[in-house]
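Here the structure comes first, spelled out in structure tokens, and everything after it is commentary.
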Amino acid sequence: MPDRVRIFDTTLRDGEQSPGINLSAKEKVEIGTQLAHLGVDIIEAGFPVNSPAEFDAVEAVAQSVKGPTIAALARMVPGDIDTAWGSIKDAQKTRIHTFIATSPIHLEKKLRMTPDEVMAAAIAGVTRAASYTPDVEFSAEDATRSDPDFLVKIYSAAIKAGATTCNVPDTVGYGLPYEYAELFRYLIAEVEGAGDVVWSTHTHDDLGVAVANALAGVRAGARQVEGAINGIGERAGNCSIEEVVMAIHTRGSSLGVSTGIDTKQIVRTSRLISMLTGYPVQPNKAIVGANAFAHEAGIHAHGVLMERTTYEIMDATSVGWESNRIVLGKHSGRHAFAKTLADLGYELTGESLDRAWARFRDLVDRKVSLTDADLVALVTDEISKVEDVYTLDSIQVAGGTHLSPTATVRVRHSGQVVEEAALGDGMVDAACSAIRRAVGLDARLISFNVGAVTGGTDALGEVSIGIQYEGNFHTGRAVATDIVEGSARAYLNAINRAISKSPVQKVQAP
Ligand code: KIV
Ligand code: ZN
């Protein structure tokens, strides 16, 4: 039997630290539920001391998501550890993840603590966490730029204080695979009690080697890998869970390990996270990019037609790329609609079902049939709805090669309808300018991305938009058959999200 590598998913914590991502409790629960379907072992649901909203979101995940262990992050500060425990105490299985920096630069410039003080704080923090739960993870932040001998001392002390998982973060994405492997070998050989705990990788992608580093760590004895779906995270992001999992799945006999992941859930998980975070997946991204299994070169396409394995090392269906199946059309009734959603894992009831049904009727009037990917996109729209302060009643645009693009919008706000018109550089720009006038808020468009949910000229368009509002970055998204309408809805969604959220005070984000 190959050794089992635990998958620790930190999409909801380290992944959520990407600029502009600010998931609601409802969205975190939806993602957590899908991560449980995917079969991850641990879900790090957040950093609860960050804000009351973050605490509530972690608590909601702990109370609703069954299966994986639910972890919460805490600094070596009593208040953090108590708050972390408070947020996860109702979960089936709990873990407190404590961390403190160990590198000279962090000690001197950030913590302003001596190594002895850091050591004392780590022992006190782990001891406190272990008084709440037997499952305690200890991370030496910036481990790859720390003195290995200090690491030996602090991991030995943390294990003695009750740590059961020792994580070795490459916080700034500085390590190279051979160095990272060497560090694991050294720690596993030298740390007292190393054989009684699980060693874990935590890698960032600043040099583009986060996945390679994680695999090198596994080769050297790590049996937990931390990362985020689609590799999201601040700066260049975290190690991509789907890439590590498929490397282990495809090359398991070389690596000598396996995971408990249901790989067929990968694409669906990736899409959900991309939609709810507003972070699109690049087309050439391994495993989950739209082109990951596409063959353009004639010689490759020919080879694949003769025998798939000539140019493919993985089967697209093994990661869940089969969502182009047409499932519903014009003649489908509400019952079939609800049943198909339930089969896809979405139990919508009451008002959410009414709204989704109305959207479905509207879409099938314009697009003859819907695939399950379309349905997931539509339902995700429902999930990501915030209390809409502004809603789009109608939009009309005009433009062309000899006509300046203009848009007229009617926006509803507290029972009042405001109509505004604007010119723009293009029709999307005109639509956003008209909305900006109608709502009277200075929400500057920063990023704009359009993708097709499925192929074909009648495909649903999925628009993600980033705005700057009162100094903060917010994302919005929408799906529609028409790209200008989708853009207007996504822009308004970003505005609604921006004004519905008091900006989260991110506490010393690691
Ligand atoms: O990158 C990092 O060091 C972290 C720790 C909190 C594990 O995210
Ligand atoms: Zn990290």
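For clarity, every value in this text was computed on a predicted model and none was experimentally measured. Atoms within a ligand are numbered from 1 in the order they appear, just like the ligands themselves.
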Have [X] and [Y] got a donor and an acceptor in their side chains that come within less than 3.5 Å?
| X | Y | answer |
| --- | --- | --- |
| T133 | D135 | no |
| D149 | Y186 | yes |
| D116 | T114 | no |

Handout entry: Check ion pair D170-R145 (N to O, under 4.0 angstrom)
Key =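 No, D170 and R145 are not salt-bridged.
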Problem - salt_bridge(K28, E54) N-O dist < 4.0 Å - result: yes
Problem - Atom of D14 nearest the Zn ion (ligand 2) (restricted to N/O/S, atom name only) - result: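 That would be atom OD2.
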Practice task
Would you mind naming the N, O or S atom of H202 nearest to the Zn ion (ligand 2)?
Solution key: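 H202's closest N, O or S atom to the Zn ion (ligand 2) is named NE2.
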Does ligand 1 have a heavy atom under 4.0 Å from the side chain of [X], from its backbone, from both, or from neither?
| X | answer |
| --- | --- |
| E234 | neither |
| D14 | side chain |
| N167 | side chain |

Exercise for the section: Give the ring-plane orientation class for H202 versus H204, where under 30° counts as parallel, over 60° as perpendicular and anything between as tilted. Expected result: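 Answer is tilted, since the angle falls between 30° and 60°.
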Practice task
Classify the angle between the aromatic ring planes of Y132 and W85 as parallel (below 30°), tilted (30 to 60°) or perpendicular (above 60°).
Solution key: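 Taking W85 first and then Y132, their aromatic rings lie parallel (interplane angle under 30°).
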Proximal ligand 1 atoms for [X], defined as those under 4.0 Å from one of its heavy atoms:
| X | answer |
| --- | --- |
| H204 | 1 (O) |
| P169 | 2 (C), 3 (O), 7 (C) |
| E141 | 3 (O) |
| H97 | 7 (C) |

Exercise for the section: Could you establish whether R13 and ligand 1 come within less than 4.0 Å of each other, counting only heavy atoms on the residue side? Expected result: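 Per 4.0 Å heavy-atom rule, R13 contacts ligand 1.
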Practice task
Please indicate whether any nitrogen or oxygen in H202 is less than 3.5 Å from any nitrogen or oxygen in ligand 1.
Solution key: yes
Handout entry: N or O contact, S139 vs ligand 1, cut-off under 3.5 Å
Key = no
Exercise for the section: Would you sort out whether R235 and D205 count as a salt bridge (Lys or Arg N to Asp or Glu O under 4.0 Å), showing the intermediate values? Expected result: CA-CA 8 Å; R235 308 190 313 275; D205 211 26; over 6 Å; no
